[in-house]
Amino acid sequence: MVIDDTISAIATAIGEGGIGIIRMSGSRAVAIADGFFQGAGGRKVRDIQPFRAAYGKIVEPDTGQMIDEALILVMRAPRSYTREDVVEIHCHGGPVPLRRILELTLRGGARLAEPGEFTKRAFLNGRLDLTQAEAVIDIIRSKTDASLKMAVSHLSGRLAAKINDLRQQILGMIAHLEAAIDFPEEDIEQIAAAEVAERIRPVLDEISRLLASAQTGRILREGLATVIIGKPNVGKSSLLNALLREKRAIVTDIPGTTRDIIEEYVNIRGVPLKIVDTAGIRETADIVEKIGVEKAREFVASADLLLLLLDASAPLTPEDREVLALLPGKEALVLVNKSDLPARLEIEEVERLIGGRQMIRISVLEGTGLDELEQSIVDRVYSGQITQGEGAFVNNVRHGNLLRQAKERLEEALNSIAAAMPLDCFVVDLRAAWEKLGEITGDTVSEDIVDRIFADFCIGK
Amino acid sequence: MYSAGSYDVVVIGAGHAGCEAALAAARMGCRTLLTTLNMDNIAMMPCNPAVGGPAKGHLVREIDALGGEMGINTDRTAIQARMLNTGKGPAVHALRAQADKKLYQQTMKETLEHQARLDVKQLLVDKVIVRNGCVEGVETETGEVYRCQTVIIATGTYLRGKIIMGDVAYSGGPNGQRAAEKLTLSLKEAGIRLMRFKTGTPARVDAKSLDYAKMIIQPGDETVHNFSFMSDIKTRVQVPCWLTYTNEKTHQIIRDNLHRAPLYTGMIEGTGPRYCPSIEDKVVRFAEKQSHQLFIEPEGLNTVEMYVQGMSTSLPADVQYAFLRTIPGLENVQIMRYGYAIEYDCVDPTQLKPTLEFKQIKGLFSAGQANGTSGYEEAAAQGLIAGINAALLIQEKDPFILSRADAYIGVLIDDLVTKGTNEPYRIMTSRAEYRLILRQDNADLRLTEKGYKIGLVSQERYFRFTVKRDAIERTLTLLRVTPLTPAPEIQAKLRALGTAELRTGISLYDLLRRVEVDYDGLRQHFAILPELDPIVREQIEIAIKYEGYIQKQFEQVERAGKLEAKTIPADIDYAAISGLSREARQKLEQIRPLSVGQASRISGVSPADISILMVYLEQRRRKGEE
C-alpha cells in the first residue's frame, strides 16, 4: 500500500449522461496527462491555468490515434479537493472513451484509486474538517465492501482459473530458484537461466493473449448481473432458455466458477444482461443441495437484479419461503410462472412477503408475460432504479492494467537473463509478476513461496 | 529468601542468544548477570557444527557489524569455511563455516569471563519475579533472589524439555543437560502464552569407523573468508566434510520401522519445522526420491565425533544402527551419540514488541529459540537486539528497532512479532523483500553507524568502517566525474579491455557498468584509478553493475517507508475506531503494531482497514491540536 502516489478513477456514473470525467490526483497527475493530451495550438497541460478548462484531443501515445475530444481542467495543490495536484479530463460519457482514457492514465504511471481514496486524501491532507472523519470512514467501508463484492463477481471463472494457472507456473519457477538459493547444499536440481527464460516465454505469450482478448472484451465481460432464483423445477432453466431463444442474441455461453452455475449473456432491447442460472444446482443429494444454496446466496449477494420464480399451480413451500427470504435489500422482479395452470398459490401471502416489488404473471411454456418482463427490466434500467455497479467496468481496466504490468516484469526478467544478470536479480521480476497477477484474483500472500519450497523440495538436516 | 545481589540486566541461559544479550548489555554499560545451567556448556552447539549459510550468514555479518560476538568467535574457531552461492548473484553469496564446537564454547566463555560489568554464574532460574506489570528479579532453585530492572529469557529448548528416541522419553535438555521444569509455570503465572515445538538432531559417529574411500570429499574454499569485519585471519586449517547417499535399503529399513517412530506413534506432540524434517519424515513425504544426500562433518579438531548432516532421527537405537549401516562408507559405523527429538515450551512471539520486550510486562525480554525460532544465528541476532534494548530501557533512551529494509535481523523480528510462527522459524533469503540491498558484503555499511550511535560499536571498529566507507565514496565520485571521449587513444584502451568502442562520451562509471569490464582491468589502462582494498573494490563493482535493480529496491523502500514512518500511539483504543472489520480490530488489538506499516503486514488487516486507521490517526492528531 502506498499513500502519496498518483491515483486515477472515473468520477462519473457510467453510461449516464453525455459527459464523463476521469480524475487524477497526485504529484504526477499533470505529467501523466501531458503524455496523452494534445491541447489546441500545442498547449501543454502543465501550462494550463488552474481552474480554466482547456480544449484538446486525447491521443493514444503509441499510435497517435485520437480517442476522444476533451476538456481538461487543472487544479494545483493545495487548491484542490485533495490538496494535491488534480487533473480532470471531461470527455464523452460513453463507456469506451472513459475506459480507454482511464487506461492511458494507468499506463502513464497512475494507480487505480482505492474505494473512497480521493475523500481519504482530502481528509488526511486537511481539506475536510474533523466533523467529517466519521463520514470518510463510512465511505471507505461501504465502497470497499461494494467493490470487493463486484471484484469477485466480475472475474469470470475461466479467467480466474487461467490466472491461477499462470501464477502457479511462475510460483513453481520462483520456488525452484529460491530453494536453490536458500539451500545450496541440498541436492536440488540446478536450473539454468536459459531454462528459466524458456519457461517464462509461454507464460508471457498466454498473458499477451489474455490482454488481446481483454481489449475486445470477450473474456472480461460486462453486463447487468442478473440472477434467476427459485425452488427446484419451478422453471428457471426454461425461463433462461426462453429469454435466450426469444432474442437469438446469445453472445456466448461461459461456464461459471462451478459446473453447476451457468452464465449466459443476452441483450434485451439494448440492455446487456449477464444472467446467472442457478438451475444447474442438482437437487438429489442433501449435501450438494446445501452447497447449491450457498452458492446461490453468493450470487444473489453480488447481483444487480434478481428474477425470483414462483409456481402459480402450487401452494408456497418452505423452499419458496427460503428463496423469498433472499429478497430484502435487493432489486427484484417476482415472476409467477405456470400461470396457465389452475392457480393454487397464495397470492396475498406472496404480496405481503415481497414488500411492494413488482409481480408479473408469466408462463414460460406458453410464452406469455415475457414481453412484460423484458419491458419491465428495460424500464428499470432507464429510470435508474437498477444501476449497474461500476465494478465490472472498472475491473476490466484494472485487470488489463495488472496483466500489462505482469507482462512488463516478465519481459524485464527475460532482458536481465539475456544481459547475464544473476539469479538474485531476475527473480525479483518474477516475484513482481507473480504478485501483480495475484492482485487480479486477490491472492497476495508471500508465505506461499515458502510453502511451495517445502512442498516441492526435500530439505533437511 | 536470600538476596544474592542486584543487577541491571539478568540473562537466563547462556546459549547463542544469551551470550550476545549479556555481552551487548554489559558493553553498553549495564551491570549484567548471565546464568547458565552448566558452566561447561556455554555457547553450546547441540546440533550441527556449522555457522552461516544463506540468510544465516547474513545475520552473522549483521550481528558483527553492530558489535556482536558471533562472527569473531566463529572466525577464531573455524576449521573450514566456504562461500556458497557464488554463481547466483551478490545478494545471496553466503559464508558458511564449520566450527570446532569445543573451541567455540571455550573461546566464547573466555570472552564472557573477561567482559567488564558481566558476571557469569551456574544457576537454575525457577522464577521470574513480576509485580504490577514490571519485572523485579529472578529466583533460583537454591533460593537466591537477584534483583534487577530487566530480565532476558534466553532459555532455548530447555523449558520443560523432553528428549524422545524410539519408545524412550525423559525430561531433559539437549546433550544430556537438565531441563528447566519450573520456569514455565512462572511464565504462565505472569500471563505469558506458550507454545510447544519440536526439533531433532542426527547421530554423532566415530570417525575411526568410517570408510572415507566410499565418500566424496568436500573441501573448504582455498581463499580464507572471515565473518567479522574485524577479523584479519589470513590462513586457516581446512578440514574437509564428506558426502554420501542413502539408498533403497536405507529407506526400506526406515519404512519397516515407522511403527516405532515417535513421530508416527503420537509420542511427539510438538510442531516440528518443515525445513529440517527427520529422515523418517523425508522418506515418507518424498517417497519417490531414491536417495537422500548426507554430509559427514567434523565436530572439532580434537575429537573423532562426526555429525551426520541430513539424518536427523528419533527412531530407536537399533534402527538407527541398521539404517546407517546401509550407507556407503558407514557399513561399520559406530554411533557415539544417538539422534533424538526434543520437545520444548516456547513463547508465542506475537506477545513481544519489536524490541523483544513483552508488551504486557515492563523489563521482561525474550530472545532466541525460546521465541519459536531455530538456528544459532537466529538466536544470536535476537539476543543482541534484546540485550541492546534492555540496556536502552535502563538508560531511558529510545528503543533500537531495525526495519525490514535495514537488515535480515529486521525481517526476522518483524516476522516473529507481526505474524507469529506455527513452526520453529528459520530465516531465509526469500523472506526478505529487499534482498538486493540486504547483502552480506554491505552489512557494515548498513549497520555499523547505527551500532556506534547506541554505544555498542568500539572506536576501533568504527574507525575501520569509516575508512572503508570513505574509500568507496571517493572512488565512486572519481569514476563519475572522469569523462571518456571517443578519442583514438581511448578507443585503443577499450579494445585492449575487450569491450566495444565508444560512440559518444561517457564516464568511467558508465564503462564499469559493462559486464566484461572490471575495476582492476580498468585500472591497468587508466592510471587515475587508485589501487583498492578488495572489499572496497567489491562494493564499487556491485554498486555499479547492479545499480538498476538496487535503485528499484531503494524506491520500493522509500515508498513503503512512508507507512513505516506513521507511528501508532501506544494507548490507541481499537475498539473506539468505527468501521474496522471485526477481524482487523481483534488482530490489531493483539499485535498492537508500532507503525501503520507494521499494521499493514498483519494477516486479516485489509487495505481498507489501513485507510480507516489512518483517518482515525489523523482525526486523533487534530483533536490533540485543538
Side-chain angles (χ1 to χ4, degrees), chain A residues 1-5 114-117 119-120 123-126 129-130 133-134 136-138 140-145 148 174-175 177-187 190 416 419-429 431 445-447 449-451 453-455 457-461, chain B residues 47-48 53-55 84-85 87-92 94 96 201-202 274-279 281-282 285-286 289 292-293 295 309-310 312 419 428-431 433 435-436 515 546 549 552-553 559-560 562-563 577-579 600 603 606-608 610-612 614-616 618-619 622-623 626:
Chain A
M1 184 177 181
V2 183
I3 46 182
D4 60 356
D5 51 350
E114 287 163 27
E117 197 169 5
T119 313
K120 178 180 93 175
F123 181 77
L124 292 181
N125 294 330
D129 73 34
L130 210 43
E134 291 302 318
V136 175
I137 288 177
D138 286 347
I140 294 170
R141 189 84 263 166
S142 62
K143 285 207 174 190
T144 302
D145 292 344
L148 269 183
I174 296 172
L177 295 168
E178 296 285 11
I181 288 175
D182 269 315
F183 303 96
E185 299 195 301
E186 298 287 341
D187 53 348
Q190 292 300 314
S416 281
M421 293 294 273
L423 199 169
D424 62 355
C425 288
F426 63 77
V427 81
V428 171
D429 293 317
R431 286 180 80 137
V445 189
S446 60
E447 191 65 17
I449 295 176
V450 175
D451 289 343
I453 291 174
F454 295 132
F457 300 99
C458 179
I459 285 152
K461 73 175 176 187
Chain B
C47 198
N48 64 334
L84 306 172
N85 281 343
K88 294 174 192 153
V92 296
R96 200 185 81 122
T201 196
R274 286 171 298 172
Y275 47 80
C276 49
S278 54
I279 185 66
D281 213 9
K282 289 199 243 181
R285 279 183 46 213
F286 293 87
K289 273 197 86 152
H292 295 275
Q293 64 174 22
F295 288 100
Q309 202 270 344
S312 166
K419 297 174 188 160
M428 292 162 59
T429 72
S430 43
R431 297 193 195 268
E433 47 278 74
R435 188 159 64 186
L436 296 175
V515 180
Y546 304 108
Y549 273 97
K552 251 194 260 179
Q553 294 223 310
R559 283 199 300 269
K562 285 171 182 153
L563 282 183
I577 309 178
S578 64
S600 71
S603 70
S606 71
I610 293 299
S611 293
I612 287 164
M614 283 167 61
V615 169
Y616 175 81
E618 171 66 15
Q619 187 184 11
R622 283 197 228 165
K623 274 186 187 154
E626 274 173 7

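Remember, predicted model here, so these are calculated numbers, not experimental data. So you know, we letter chains A, B, ... as the sequences are listed, proteins then strands, and number each from 1.
The two atoms that bring B:Arg622 and A:Gly126 nearest to each other are NH2-CA, 3.4 Å, heavy atoms only. Residue A:Phe454 comes nearest to B:Phe286 through the heavy atom pair O-CZ, 3.8 Å, listed as atom of the first residue, atom of the second, then distance. Residues A:Ile137 and B:Gly579 come closest through the heavy atom pair CG2-CA, 3.9 Å. For the pair B:Tyr549 and A:Cys425, the tightest heavy-atom approach, listed with the atom from each and the gap, is CE2-O, 3.2 Å. When all heavy atoms of A:Pro422 and B:Pro90 are compared, the closest pair comes out as CG-CD, 4.0 Å.
Interatomic distance, CD1 of B:Ile612 versus NZ of A:Lys120, reported as 10.0 Å (0.5 Å rounding). Remark: B:Met428 CE to A:Ile453 CD1 distance equals 4.0 Å, nearest 0.5 Å. Interatomic distance, A:Phe183 CZ to B:Leu84 CG, rounded to the nearest 0.5 Å: 12.5 Å. To the nearest 0.5 angstrom, B:Gln309 atom CD is 7.5 Å from A:Glu185 atom CD. B:Lys562 contributes atom NZ, which lies 8.5 Å from atom CG of A:Asp5 (distance to the nearest 0.5 angstrom).
Within the 4.5 angstrom heavy-atom criterion, only backbone atoms of A:Ala455 (N, CA, C, O) approach chain B. Within the 4.5 angstrom heavy-atom criterion, no atom of A:Ile174 approaches chain B. Looking at B:Lys289, only its side chain comes within 4.5 Å of chain A, counting heavy atoms on both sides. With a 4.5 angstrom heavy-atom cutoff, B:Val615 touches chain A via backbone and side-chain atoms both.
Partners of B:Gln293 by side chain to side chain contact (heavy atoms under 4.5 Å, CB included), not counting sequence neighbours, listed by chain and number: A:Glu186, A:Asp187, B:Leu243, B:Tyr245, B:Phe295. For B:Asp281, the side chain to side chain contact (heavy atoms under 4.5 Å, CB included) partners at least two apart in sequence or on another chain are B:Leu263, B:Tyr264, B:Pro277, B:Ser278, B:Arg285.
The residue among A:Val136, A:Asp424, A:Leu423 with the most heavy atom pairs within less than 4.5 Å of chain B is A:Asp424.
Side chains of A:Ile181 and B:Ser430 form no contact here, defined as non-hydrogen atoms less than 4.5 Å apart. Annotation: side chain of B:Glu433 is not in contact with side chain of A:Arg431 (no heavy-atom distance under 4.5 Å). Between B:Met614 and A:Phe123, every side-chain heavy-atom pair lies at or beyond the 4.5 Å cut-off. B:Lys552 is not listed as a side-chain neighbour of A:Val428, based on a closest heavy-atom distance of 4.5 Å or more.
When only modelled atom types and interatomic distance are considered, A:Glu117 and B:Ser611 share no side-chain donor-acceptor pair under 3.5 Å.
Put simply, the side chain of B:Lys88 gets close to the backbone of A:Ala180: a donor and an acceptor are under 3.5 Å apart.
Ion pairing of A:Asp182 with B:Arg431 is absent here, as no side-chain N (NZ or NE/NH1/NH2) approaches a carboxylate O to less than 4.0 Å.
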Show the numbers, then the answer: is there a side-chain contact (heavy atoms from CB on, under 4.5 Å) between B:Thr429 and A:Glu178? CA-CA 8 Å; B:Thr429 72; A:Glu178 296 285 11; 4.2 Å; yes
